[in-house]
Number of protein chains: 2
Amino acid sequence: MKKNIPTIRDVAAAAGVSTATISKFINGTQRFSPAVEARIAEVIGQMGYRSNPLAQSMITGKTKTVGLSVLDVTNPHFTSIVKGANRVAQAHGYTVLLVDTEENPGREQALLEALSRRVDGLIIFSRMPDSELEWLAGLDKPLVFFGRLPRMTLPTVASDDHRGAYMMTRHLVTLGHKRFAYMGFSKSRRDEERMGGVKECLAAHGLELTVYDAAAPSAQEGERLCSEMMLGAGHPDALVCYNDLMALGFMKAAQSLGFRIPADISVAGVDNIVYGNYTSPPLTTVDLHSERMGVAAMEKLLDTIAGRPTEPFTLIEPQLILRGSTANRN
Amino acid sequence: MKKNIPTIRDVAAAAGVSTATISKFINGTQRFSPAVEARIAEVIGQMGYRSNPLAQSMITGKTKTVGLSVLDVTNPHFTSIVKGANRVAQAHGYTVLLVDTEENPGREQALLEALSRRVDGLIIFSRMPDSELEWLAGLDKPLVFFGRLPRMTLPTVASDDHRGAYMMTRHLVTLGHKRFAYMGFSKSRRDEERMGGVKECLAAHGLELTVYDAAAPSAQEGERLCSEMMLGAGHPDALVCYNDLMALGFMKAAQSLGFRIPADISVAGVDNIVYGNYTSPPLTTVDLHSERMGVAAMEKLLDTIAGRPTEPFTLIEPQLILRGSTANRN
DNA sequence: CTGAAAGCGCTAACAG
DNA sequence: CTGTTAGCGCTTTCAG
């Protein structure tokens with residue numbers, strides 16, 4: 001099974017030319033006499049030679065590869081981003097190397113460090129504290145970050161979470177809801193923005209907000225927090241969740257506790273993951289345009305790599321998606 | 001922004017030792033006098049030196065990195081596999097580089113080719129025709145393949161799809177269903193096995209099967225095929241889908257056409273994706289133990305890389321998950 | 001204990 | 001058109 005992988009030297013020898021010639025031929029850097037080209041092509045063909053990208057990268061400093069690091073490949077929001085990024089990268093001849101960091105946040109730095117040296121640029125979705133963000137710049141690679149940064153030192157792509165949450169809340173207020181709850185995930189950088197949007201809107205209408213905090217942005221946590229929220233004295237009549245996953249979990253648990261959605265409580269999520277379509281009732285949500293975020297981030301990265309000028313900050317506008325999980329109380 | 005990344009030579013010079021010493025120190029290959037070690041550590045620290053993994057890999061031939069190629073990161077079945085594989089890899093100090101091939105099957109070979117030279121081994125989920133499988137072996141890398149192979153030339157991990165489908169069908173027959181339909185996805189290697197399981201069971205009970213074929217293993221296709229299946233003369237009373245995604249789509253479409261599930265038709269999927277829990281009714285399915293498959297594949301790969309002996313073939317047993325989308329007709 | 005030197009596989013001037 | 005000659009940044013004998 002140990003086929004000796006041929007090197008450029010083997011090929012050169014077999015074809016009776018120099019390694020430089022092979023190199024130039026492979027990369028199309030230069031043309032040669034038909035006789036030589038034919039010979040080279042033939043030898044390469046029968047030896048099954050492929051240039052070693054590592055050696056190639058080491059000298060050119062280019063890998064035609066970009067890294068994309070996400071928090072959880074299991075979350076549809078992130079996989080949509082991946083889809084978008086992938087499409088753009090492929091169109092430009094780049095390969096995307098995906099890394100899932102959530103399994104072990106402690107290893108994130110090591111992971112990114114390792115990845116950064118193997119790619120031409122990085123797109124990062126991270127929960128890293130701002131202090132460590134400095135460190136990212138030290139990687140000395142073109143880099144695009146997801147989310148709003150306090151001091152915008154890195155090129156970023158972000159959704160307008162505050163606005164999305166505000167819009168959703170505004171809608172629910174208009175529908176006549178009075179007792180609001182927000183199921184958040186405070187470990188996320190964006191939780192604050194979303195909760196802020198909800199609060200700001202409620203404040204403007206003189207309404208209160210009860211906040212619940214999940215340990216993970218998952219359906220399971222949504223289920224877990226449900227009984228706490230619904231079985232106290234006077235449950236809320238409108239719930240905005242940090243994301244759709246949590247909303248899905250909540251709805252299931254609420255329904256199995258005997259509550260009707262949206263009759264007893266309106267539920268809304270954020271992300272517009274595709275599975276929100278398949279629940280009963282289907283989930284009202286805020287579309288953050290995940291895929292478009294992936295596209296924008298990859299375009300920005302590729303521009304940076306190519307030395308093209310780019311906007312340092314792209315904000316993607318949210319959009320309300322109204323479905324059956326919210327009702328009119330007027 | 002252009003920090004000159006320090007090389008081993010810079011460090012050696014600054015520390016007043018040779019590059020060889022630095023190299024050995026970094027890799028812990030050898031110990032040195034406390035004085036020297038302290039000096040080196042200090043210099044490395046303040047220069048922020050990190051060895052270049054490319055150069056390192058080029059010479060050692062090891063990357064401490066493995067590639068995992070999946071058909072669609074958007075499909076929960078695959079992301080579960082990723083989770084499992086990731087966990088094992090990290091536990092062994094390996095980094096997983098994930099690649100999504102479905103966007104462009106035509107580019108799959110190029111993608112794998114590129115990836116293979118950058119990693120110590122590969123785990124591949126592919127729709128590649130058997131003829132091209134040969135080519136994979138030619139990559140000359142430790143490699144684990146998902147699915148049953150005709151001529152088992154590669155180490156593989158597979159679910160027992162035939163058995164799972166048989167079990168599910170058996171259960172539906174026992175429940176008293178008479179008119180069976182199978183919604184397949186013939187482009188997949190596993191479709192045949194699943195359909196075979198269904199057919200074999202039905203044949204044993206003298207029952208017929210109507211087959212529908214989807215263009216993609218997606219919820220959207222499930223929705224699309226629904227009207228065709230349900231609005232003809234005499235619709236089926238039991239449907240087994242190639243996967244849960246298709247089942248989800250079908251259920252939604254059927255319900256919006258006014259059918260009740262499972263009263264009018266029992267629906268079952270395969271994969272046991274988490275979202276099957278959040279539909280109404282929740283989806284009956286066959287758990288293929290995706291995550292366990294990822295674990296098994298990664299263990300097998302790591303064993304191969306380390307030169308440890310391994311079973312060439314691992315079969316993961318399926319398990320029936322009974323939920324509300326199937327009913328008793330007796 | 002420490003260093004000199006020979007490359008890994010490939011590209012990039014620079015000659016011819 | 002084609003070849004020579006330096007390395008890229010690092011590891012690894014092999015001496016000292």
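Each chain gets a letter, A, B and so on, in the order its sequence line appears, and its residues count up from 1.
- Residues forming a salt bridge (charged side-chain N to carboxylate O under 4.0 Å, His left out) with B:Asp10 (at least two apart in sequence, or on another chain): none.
- The pair B:Arg127-B:Glu102 meets the salt-bridge criterion, with a side-chain N (NZ, NE, NH1 or NH2) lying under 4.0 Å from an Asp/Glu carboxylate O.
- Counting to the nearest Å, the P atom of C:dG3 and the CZ atom of B:Arg39 are 12 Å from each other.
- A straight line from CD1 of A:Ile40 to P of D:dC1 spans 13 Å, rounded to a whole angstrom.
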Please list every donor-acceptor pair under 3.5 Å in which a side-chain atom of residues 61-71 of chain A meets a protein atom from a residue at least two apart or in another chain.
unit_1	atom_1	unit_2	atom_2	d
A:Thr63	OG1	A:Thr65	N	3.2
A:Thr63	OG1	A:Thr65	O	3.3
A:Thr63	OG1	A:Asp120	N	3.3
A:Thr63	OG1	A:Asp120	OD1	2.9
A:Thr65	OG1	A:Thr63	O	3.3

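- Between A:Glu193 and A:Arg148 there is a salt bridge, with a side-chain nitrogen of the basic residue lying less than 4.0 Å from a carboxylate oxygen of the acidic one.
- Between the side chains of A:Ser80 and A:Glu291, not a single donor N or O lies within less than 3.5 Å of an accepting N or O.
- One can place CG of B:Leu54 at 12 Å from P of D:dT11, the figure rounded to the nearest angstrom.
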Summarise how protein sits on nucleotides 8-13 of chain C as a single string, 5' to 3': B when a protein heavy atom is under 4.0 Å from the base, S for sugar-phosphate-only contact, - for no contact. BBBBBB
